[in-house]
Amino acid sequence: MIKIIIEREIAEGMAHYYDCSLKRAMLKLNQAEGCLGGETLTDAKNPQRRITISTWRSIQDWEAWTVSADRQRLLLEINPLLAQSERISVLQQAA
(Lines give C-alpha, C1' and ligand atoms only; values in the text may rest on other atoms or scores of the structure.)
Protein backbone atom coordinates (compact mmCIF):
# COMPACT_ATOMS: atom_id res chain seq x y z
CA MET A 1 0.00 0.00 0.00
CA ILE A 2 1.18 3.53 -0.81
CA LYS A 3 0.06 7.07 -0.06
CA ILE A 4 0.19 9.92 -2.53
CA ILE A 5 0.39 13.54 -1.46
CA ILE A 6 -0.31 16.17 -4.08
CA GLU A 7 0.32 19.80 -3.14
CA ARG A 8 -1.17 22.58 -5.24
CA GLU A 9 -1.05 26.36 -4.94
CA ILE A 10 -4.18 27.94 -6.42
CA ALA A 11 -3.85 31.19 -8.36
CA GLU A 12 -5.44 34.25 -6.74
CA GLY A 13 -9.19 34.36 -7.36
CA MET A 14 -9.34 30.81 -8.75
CA ALA A 15 -10.08 28.81 -5.57
CA HIS A 16 -13.83 28.47 -6.22
CA TYR A 17 -13.28 27.12 -9.74
CA TYR A 18 -10.55 24.79 -8.53
CA ASP A 19 -12.71 23.41 -5.71
CA CYS A 20 -15.62 22.74 -8.09
CA SER A 21 -13.32 20.90 -10.52
CA LEU A 22 -11.69 18.90 -7.78
CA LYS A 23 -15.01 17.71 -6.31
CA ARG A 24 -15.82 16.08 -9.65
CA ALA A 25 -12.30 14.68 -9.92
CA MET A 26 -12.39 13.14 -6.44
CA LEU A 27 -15.47 11.12 -7.43
CA LYS A 28 -13.47 9.64 -10.33
CA LEU A 29 -10.37 9.14 -8.19
CA ASN A 30 -12.26 7.22 -5.53
CA GLN A 31 -13.66 4.90 -8.23
CA ALA A 32 -10.28 4.26 -9.85
CA GLU A 33 -8.90 0.71 -9.84
CA GLY A 34 -6.72 0.26 -6.79
CA CYS A 35 -7.68 3.52 -5.07
CA LEU A 36 -8.52 2.89 -1.43
CA GLY A 37 -9.71 6.44 -0.78
CA GLY A 38 -8.68 10.04 -0.83
CA GLU A 39 -9.43 13.50 0.45
CA THR A 40 -8.47 17.09 -0.25
CA LEU A 41 -7.59 19.53 2.52
CA THR A 42 -7.04 23.28 2.64
CA ASP A 43 -3.99 24.59 4.46
CA ALA A 44 -5.31 26.36 7.58
CA LYS A 45 -2.64 29.05 7.25
CA ASN A 46 -2.74 29.47 3.47
CA PRO A 47 -6.23 29.27 1.88
CA GLN A 48 -4.69 29.11 -1.61
CA ARG A 49 -2.88 25.84 -0.82
CA ARG A 50 -4.62 22.49 -1.28
CA ILE A 51 -3.28 19.07 -0.37
CA THR A 52 -4.79 15.86 -1.72
CA ILE A 53 -3.93 12.65 0.09
CA SER A 54 -4.88 9.32 -1.44
CA THR A 55 -4.17 5.71 -0.58
CA TRP A 56 -3.50 3.13 -3.29
CA ARG A 57 -3.20 -0.62 -3.25
CA SER A 58 0.05 -0.47 -5.25
CA ILE A 59 2.36 1.87 -7.11
CA GLN A 60 1.19 0.22 -10.33
CA ASP A 61 -2.41 1.25 -9.60
CA TRP A 62 -1.26 4.83 -8.93
CA GLU A 63 0.81 4.91 -12.13
CA ALA A 64 -2.18 3.63 -14.13
CA TRP A 65 -4.26 6.50 -12.71
CA THR A 66 -1.58 9.07 -13.62
CA VAL A 67 -1.90 8.22 -17.32
CA SER A 68 -5.67 7.65 -17.31
CA ALA A 69 -7.99 9.78 -19.44
CA ASP A 70 -9.79 10.94 -16.28
CA ARG A 71 -6.61 12.33 -14.71
CA GLN A 72 -5.47 13.90 -17.98
CA ARG A 73 -8.85 15.70 -18.27
CA LEU A 74 -8.50 16.88 -14.66
CA LEU A 75 -5.04 18.31 -15.34
CA LEU A 76 -6.27 20.15 -18.44
CA GLU A 77 -9.05 21.68 -16.34
CA ILE A 78 -7.07 22.66 -13.23
CA ASN A 79 -3.59 23.52 -14.51
CA PRO A 80 -4.70 27.00 -15.70
CA LEU A 81 -6.03 27.63 -12.16
CA LEU A 82 -2.69 26.93 -10.45
CA ALA A 83 -0.08 29.48 -9.43
CA GLN A 84 2.63 26.83 -9.92
CA SER A 85 2.97 23.18 -10.94
CA GLU A 86 1.66 20.52 -8.58
CA ARG A 87 4.12 18.65 -6.38
CA ILE A 88 3.63 14.91 -5.91
CA SER A 89 5.12 12.69 -3.20
CA VAL A 90 4.82 8.90 -3.34
CA LEU A 91 5.15 7.41 0.14
CA GLN A 92 5.36 3.88 1.44
CA GLN A 93 5.49 2.51 4.93
CA ALA A 94 8.94 2.65 6.51
CA ALA A 95 10.60 -0.66 7.27
Side-chain angles (χ1 to χ4, degrees):
M1 184 166 44
I2 63 166
K3 292 211 181 261
I4 304 298
I5 298 175
I6 302 174
E7 300 174 68
R8 297 185 180 111
E9 189 79 24
I10 312 305
E12 194 66 39
M14 296 293 139
H16 171 75
Y17 302 107
Y18 174 85
D19 292 339
C20 290
S21 294
L22 206 62
K23 283 180 187 176
R24 290 189 304 275
M26 290 304 290
L27 292 173
K28 294 283 187 188
L29 172 95
N30 284 311
Q31 296 172 355
E33 181 71 29
C35 182
L36 303 176
E39 65 181 337
T40 296
L41 307 165
T42 301
D43 186 324
K45 294 184 178 183
N46 178 357
Q48 297 304 113
R49 186 169 179 240
R50 301 293 190 281
I51 299 178
T52 299
I53 302 169
S54 58
T55 304
W56 295 82
R57 185 178 50 209
S58 69
I59 194 138
Q60 293 82 9
D61 290 324
W62 159 250
E63 289 172 345
W65 167 252
T66 64
V67 296
S68 71
D70 287 331
R71 174 144 165 85
Q72 297 309 308
R73 277 192 295 276
L74 166 67
L75 292 176
L76 285 173
E77 194 172 328
I78 68 167
N79 278 342
L81 308 175
L82 301 179
Q84 55 187 299
S85 298
E86 66 182 14
R87 291 175 305 282
I88 299 174
S89 299
V90 180
L91 308 171
Q92 60 187 8
Q93 191 166 11

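Note that the structure is predicted; figures quoted are calculated from it, not measured. Quick note: numbers below take in every heavy atom, side chains included, and nothing from hydrogens, waters or symmetry partners.
- By the side chain to side chain donor-acceptor pair (under 3.5 Å) test, Asn30 pairs with no residue at all, sequence neighbours left out.
- By the 4.5 Å heavy-atom criterion applied to side chains, Ile10 and Leu82 are counted as neighbours.
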- Task: Please step through side chain to side chain contact (heavy atoms under 4.5 Å, CB included) for the pair Trp65 and Asp70, ending with a clear verdict.
- Result: CA-CA 8 Å; Trp65 167 252; Asp70 287 331; 3.7 Å; yes
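- Glu77 pairs by the side chain to side chain donor-acceptor pair (under 3.5 Å) definition with Ser21, Arg24, not counting sequence neighbours.
- Leu74 is not listed as a side-chain neighbour of Leu76, based on a closest heavy-atom distance of 4.5 Å or more.
- From Thr52, atom OG1 reaches atom CG of Leu41 across 7.5 Å, with rounding to the nearest 0.5 Å.
- Distance check, rounded to the nearest 0.5 Å: SG of Cys35 to CG of Leu29 gives 4.0 Å.
- By the side chain to side chain donor-acceptor pair (under 3.5 Å) test, Thr55 is found to be paired with Lys3, residues two or more places apart in sequence or in another chain being considered.
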In a table with atom names and distances, give each donor-acceptor pair under 3.5 Å that connects a side chain of residues 86-95 to protein atoms at least two apart or in another chain.
from	atom 1	to	atom 2	distance (Å)
Glu86	OE1	Arg8	NE	2.9
Glu86	OE1	Arg8	NH2	2.8
Glu86	OE2	Arg71	NH2	2.5
Arg87	NH1	Gln84	OE1	3.3

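- Listed by first and then second residue, the salt bridge (Lys or Arg N to Asp or Glu O under 4.0 Å) pairs involving residues 39-49 are Glu7-Arg49, Asp43-Arg49 (not counting sequence neighbours).
- Residues Lys23 and Tyr18 fail the side-chain proximity criterion, which asks for heavy atoms closer than 4.5 Å.
- Residue Ile53 holds its CD1 atom at 8.5 Å from OG1 of Thr40, rounded to the nearest 0.5 Å.
- For Ser58 and Trp56, the side-chain atoms include no donor-acceptor pair closer than 3.5 Å.
- Applying the salt bridge (Lys or Arg N to Asp or Glu O under 4.0 Å) test to every pair with at least one member in residues 12-22, sequence neighbours left out, gives these pairs: Asp19-Arg50.
- Here Leu36 sits in one hydrophobic cluster together with Met1; the rule is ILVMFWY side chains under 4.5 Å apart, joined directly or through other members.
- The CD atom of Glu9 lies 13.0 Å from the CG atom of Leu81; values are rounded to the nearest 0.5 Å.
- One distance of note links CD1 of Ile59 with CD of Glu63; it measures 5.0 Å at 0.5 Å rounding.
- Residues satisfying the salt bridge (charged side-chain N to carboxylate O under 4.0 Å, His left out) criterion with Arg57, sequence neighbours excluded, are Glu33, Asp61.
- No donor-acceptor pair closer than 3.5 Å links the side chain of Gln48 to the backbone N or O of Met14.
- The minimum heavy-atom distance between Leu75 and Pro80, with the atom names listed, is O-CD, 4.3 Å.
- A distance of 5.5 Å separates OG of Ser54 from CH2 of Trp62, quoted to the nearest 0.5 Å.
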